[in-house]
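This report concerns only the one structure given below.
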Amino acid sequence: MLRRILKAQNLMDCACRKLGRQLNIMEVCGTHTVSIFRNGIRPTLPKSLKLLSGPGCPVCVTDQGYIDVTVELAKRDDVILATYGDMIRVPGKSGSLEQLNRSNVKVVMSSDEALNLARENKDKTVVFVAVGFETTTPATAVAVGQAADENLENFTVLSGHKLVIPAMKALLTDKNNKIDAFLCPGHVSVIIGSDAYKTVLDDFDVPCVVAGFEPMQVIEGIGEICRQIYKDDIKVESIYHAAVKPEGNPTAQKIIDQYFEAFDGPWRGLGNIPGGTLRLKEEYAQFDAFKRFGIDQVPTEELNGCKCGEVLCGLIDPPQCPKFENTCTPDTPIGPCMVSSEGACSAWYKYGRRRRRRRKQA
């Protein structure tokens, strides 16, 4: 293992020397961000190699307008709102679901649990707050299929599902042209396949390397990116061979395509991304909460002073936000990046505090 680490570090040094400037690598996924902090990888990197936390946390990239819609739906007595835990603490313009403190807001671990709520509460309409990327979308699609088979008319989906590739392109096009390479998420890549990143390579000629979330995978993924830059051998590569195939998972892709279609939708910090969001197809409109309740999601500005959008684009580090660690903490979050367990602000806060505590005790 030591030999592999030293090899990767040597490649990092070589790439940094070749570029002669700061090398910016974005880890797209929040799980990579947490792994990098948890395993103390960041301090071991060359000083001129900078890791940027990207838009790969599903809670963080959910537009504030979507949060406002969930809060309004939760105020209805004829609705049960089924949501993942992190979503209840994200503030909208009129507070969070947690602050609303309504008994009809139910925390679920899966779309299947939301489906059970619909089966057990036929006098209410269950709205499943469906967020996440290609990893969670197949399960939502299966739930819609089951609801259709059972003629479960009181089950609906408020789709906030998103697609990774359009976001990566939007970043390089409009938001951050200083990104030199992407460390691509392992779990999303299991579904879409490593070949999916070739379109990013073709359009922008930046390295895209898929890695798992174990520390050795992360280090070797960064090392492979640096090898490509040092050798001028830019391409799509996966070092997560145990789980990621070039073609991905065709079964999961098929079920997503059966129920969902891409459309232009809002992302926090990145604005309206062409083809970046998923909605239910017209033939499944009876399960679409937006249509069932006549809702038009209106993109809204972030809360006053919150810099989550800039953090998600890799434009600033969380401590550069004036609210970080002052008025915005895990106990009093202002933005989603401090709420979510995969959020960059949460990771910087949690692991930064541990380092500060250790230094104080030393």
Side-chain angles (χ1 to χ4, degrees), residues 30 55-76 79-100 102 104-108 111 114 125-137 139-141 143-144 155-164 166-167 170 260-280 285 287-304 306 308-309 311-313 333-340 342-343:
C57 163
V59 174
C60 303
V61 297
T62 300
D63 181 74
Q64 189 178 311
Y66 181 94
I67 304 298
D68 296 335
V69 169
T70 65
V71 171
E72 290 305 310
L73 284 172
K75 292 177 181 176
R76 296 177 60 116
V79 161
I80 292 176
L81 198 79
T83 176
Y84 296 122
D86 280 354
M87 291 295 290
I88 69 169
R89 300 189 65 219
V90 180
K93 65 182 179 184
S94 58
S96 66
L97 292 171
E98 182 180 56
Q99 292 167 334
L100 200 61
R102 295 266 298 186
N104 62 337
V105 177
K106 305 293 186 185
V107 173
V108 296
S111 56
T125 298
V126 170
V127 177
F128 176 49
V129 179
V131 298
F133 299 97
E134 290 90 338
T135 45
T136 55
T137 309
T140 304
V144 172
F155 177 76
T156 64
V157 168
L158 190 73
S159 179
H161 285 303
K162 292 180 166 49
L163 300 171
V164 165
F260 287 96
E261 61 185 1
F263 80 111
D264 304 348
W267 289 56
R268 188 182 294 266
L270 282 83
N272 202 53
I273 298 181
T277 306
L278 290 172
R279 65 183 174 192
L280 284 169
F287 302 107
D288 188 333
F290 285 106
K291 294 181 178 176
R292 178 77 68 93
F293 294 98
I295 299 167
D296 289 322
Q297 183 184 342
V298 179
T300 58
E301 298 294 327
E302 293 191 15
L303 296 168
N304 186 30
C306 176
C308 278
V311 171
L312 292 167
C313 294
I334 293 176
C337 295
M338 187 61 87
V339 173
S340 173
E342 293 185 1

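Numbering of residues begins at 1 and proceeds along the displayed sequence.
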What distance separates [X] [atom1] from [Y] [atom2], expressed to the nearest 0.5 Å?
| X | Y | atom1 | atom2 | answer |
| --- | --- | --- | --- | --- |
| Ile295 | Asp68 | CD1 | CG | 11.5 Å |
| Thr156 | Asp288 | OG1 | CG | 8.0 Å |
| Thr136 | Lys162 | OG1 | NZ | 10.5 Å |
| Glu261 | Leu280 | CD | CG | 9.0 Å |

State, with a plain yes or no, whether a side-chain heavy atom of [X] is found less than 4.5 Å away from one of [Y].
| X | Y | answer |
| --- | --- | --- |
| Ile67 | Met87 | yes |
| Val90 | Thr70 | no |
| Leu270 | Val61 | no |
| Thr125 | Ile80 | no |
| Arg268 | Thr62 | no |
| Phe293 | Glu72 | no |
| Leu81 | Val129 | yes |

Looking only at heavy atoms, which two atoms of [X] and [Y] are closest? And how far apart?
| X | Y | value |
| --- | --- | --- |
| Asp264 | Gly275 | OD1-N, 2.8 Å |
| Gly56 | Phe133 | O-CE1, 3.3 Å |
| Gln99 | Gly95 | OE1-CA, 3.1 Å |
| Val59 | Ser340 | CB-CB, 4.0 Å |
| Ala289 | Val127 | CB-CG1, 3.9 Å |
| Leu163 | Ala262 | CD1-CB, 4.0 Å |

Considering the options Cys60, Cys313, Cys337, which one meets the side chain to side chain contact (heavy atoms under 4.5 Å, CB included) requirement together with Cys308?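 Single pass found, and it is Cys337.
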Return yes if some donor-acceptor pair links the side-chain N/O of [X] with the main-chain N/O of [Y] below 3.5 Å, else return no.
| X | Y | result |
| --- | --- | --- |
| Glu342 | Pro58 | no |
| Tyr66 | Leu158 | yes |
| Arg279 | Ser159 | no |
| Ser111 | Ala139 | yes |
| Asn104 | Ala74 | yes |

Should the ring pair Tyr84 and Phe128 be called parallel, tilted or perpendicular, given that the plane angle runs from 0 to 90° and is split at 30 and 60?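 Geometry flag for Phe128 against Tyr84: perpendicular rings.
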Parallel, tilted or perpendicular, as decided by the 30° and 60° cut-offs, for the rings of Phe260 and His161: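 Ring orientation, 0 to 90° scale: perpendicular.
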For side-chain contact (heavy atoms from CB on, under 4.5 Å), just list the numbers for Leu312 and Trp267, CA-CA rounded to whole Å, side-chain angles, deciding distance to a tenth of an Å, and then say yes or no. CA-CA 10 Å; Leu312 292 167; Trp267 289 56; over 6 Å; no
